[in-house]
2 protein chains.
Amino acid sequence: MKELQSEYQCAINLVIDLIGGKWKVLLLWHLNEGDKRFNELRRTIPEITKKMLTQQLRELEGHGLVKRTVFEEVPPRVVYSTTDFGRKLQPVLYGMCQWGDDYAEKEGIQMNSCWTGRDFMQK
Amino acid sequence: MKELQSEYQCAINLVIDLIGGKWKVLLLWHLNEGDKRFNELRRTIPEITKKMLTQQLRELEGHGLVKRTVFEEVPPRVVYSTTDFGRKLQPVLYGMCQWGDDYAEKEGIQMNSCWTGRDFMQK
DNA sequence: CGGAATCCGAACTGATACTG
DNA sequence: CAGTATCAGTTCGGATTCCG
């Protein structure tokens, strides 16, 4: 598990350590839509492997951005959700998505089927 | 140079390709303070090597987020600045910084000497 | 269902030396 | 000053197998 430094020069560096990498922002984004189970997340993000999904979720959990709830049933059920603090990142994520949409439009990049910042703003 | 895909499922993925990694957000952040020369950026971010600085700046330039201006002088002078589109990310970066600050405060992580979202909001 | 453990190549990053 | 080039280390990420 990636350990945070005890001291940072700039908040941006801390943010990169917390949500940097290929998957975390995407996971937070989808978990902000609502709580999700492990295999539900796998279906939502088909490109991610089980290993990476587990790993990234554990790091998010360890840093207090995601909550993991285990229901002691058979078959087992595990539900992931964002914490209050993780949810505070929502506006930033929407801003990122909007900006990404603008870029895609400007550059003629095709965007599919996923919620976009623009969708959100229309609600 | 990292090539973008021709199609994305989610804007978030595009954003990650554009500004993901260890350095790009940090560079955009500092360039938003004002135009900077190569060695000026190195002093601002002492941990970055020349190689990575060049590489990341070139990618940002290639994606249209940063502009590189060469003054044909001796000694050479090269100035980097954000493009209009790169600057559109400013509010998002400030949001990230603010969130990072909150996290640092909550967790008792020390933050030094760099501009923070909070500083910005007080202006 | 929701993982853990292992292996391995690819990608990222850094150190160092050199250059117009 | 503003880079290139080369080499080497480390980490990341994916494939596969196994498990309660």
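Computed over heavy atoms, backbone and side chain alike; hydrogens, waters and symmetry mates excluded. Numbered from 1 within each chain, the chains take letters A, B, ... in sequence-line order.
Contacts of A/Arg42 with the nucleic acid, taken as non-hydrogen atoms under 4.0 Å apart, are absent. Residue B/Tyr80 is classed as a sugar-phosphate contact, given heavy-atom separations below 4.0 Å to backbone atoms only.
Salt-bridge check for A/Glu61 with A/Lys67: failed, with every basic side-chain N at 4.0 Å or more from each acidic carboxylate O.
Among B/Leu60, B/Leu18, B/Val92, the one residue that satisfies the side chain to side chain contact (heavy atoms under 4.5 Å, CB included) test with B/Leu28 is B/Leu60.
Distance from the side chain of B/Pro76 is smallest to D/dC1 among D/dC1, D/dG3, C/dG2.
One finds a side-chain N or O of B/Arg58 lying less than 4.0 angstrom from the OP1 or OP2 phosphate oxygen of D/dT4. Residue A/Arg68 places at least one side-chain N or O closer than 4.0 Å to OP1 or OP2 of C/dG3. Taking 4.0 angstrom as the limit, A/Arg37 places none of its side-chain polar atoms (N or O) nearer than this to OP1 or OP2 of C/dC1.
Rounded to an integer number of Å, the gap from B/Leu53 CG to D/dA2 C1' is 10 Å. When rounded to the nearest whole Å, the span between CD of A/Glu40 and P of C/dG3 equals 13 Å. Regarding B/Glu59, its CD atom lies at a distance of 15 Å from the P atom of D/dG3, rounded to whole Å. The nearest whole Å value for the distance from the NZ atom in B/Lys50 to the C1' atom in C/dA17 is 9 Å. In this entry the distance linking CD of B/Glu72 with P of D/dC1 reads 17 Å, nearest Å. Here the C1' atom of nucleotide C/dG3 and the CG atom of A/Leu41 are 14 Å apart, to the nearest Å. Rounding to whole angstrom units, CD1 of residue A/Ile48 and P of C/dG3 are separated by 12 Å. Counting to the nearest Å, the C1' atom of C/dC1 and the CZ atom of A/Phe38 are 9 Å from each other.
Taken together through direct or relayed side-chain contacts under 4.5 Å among Ile, Leu, Val, Met, Phe, Trp and Tyr, B/Val70 and B/Phe38 form part of one hydrophobic cluster.
The two residues A/Cys97 and B/Ala11 have their closest heavy-atom pair at O-CB, 3.5 Å.
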Let me have a per-nucleotide readout for nucleotides 8-13 of chain C, 5' to 3', with B, S or -, counting only protein heavy atoms under 4.0 Å. -----B
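When atom types are taken as modelled, the side chain of A/Gln5 and the backbone of A/Glu7 share a donor-acceptor pair closer than 3.5 angstrom.
A 4.5 Å side-chain heavy-atom check between A/Arg77 and A/Glu72 finds every atom pair outside the cut-off.
Aromatic ring centroids of A/Trp29 and A/Tyr94 lie under 6.0 Å apart.
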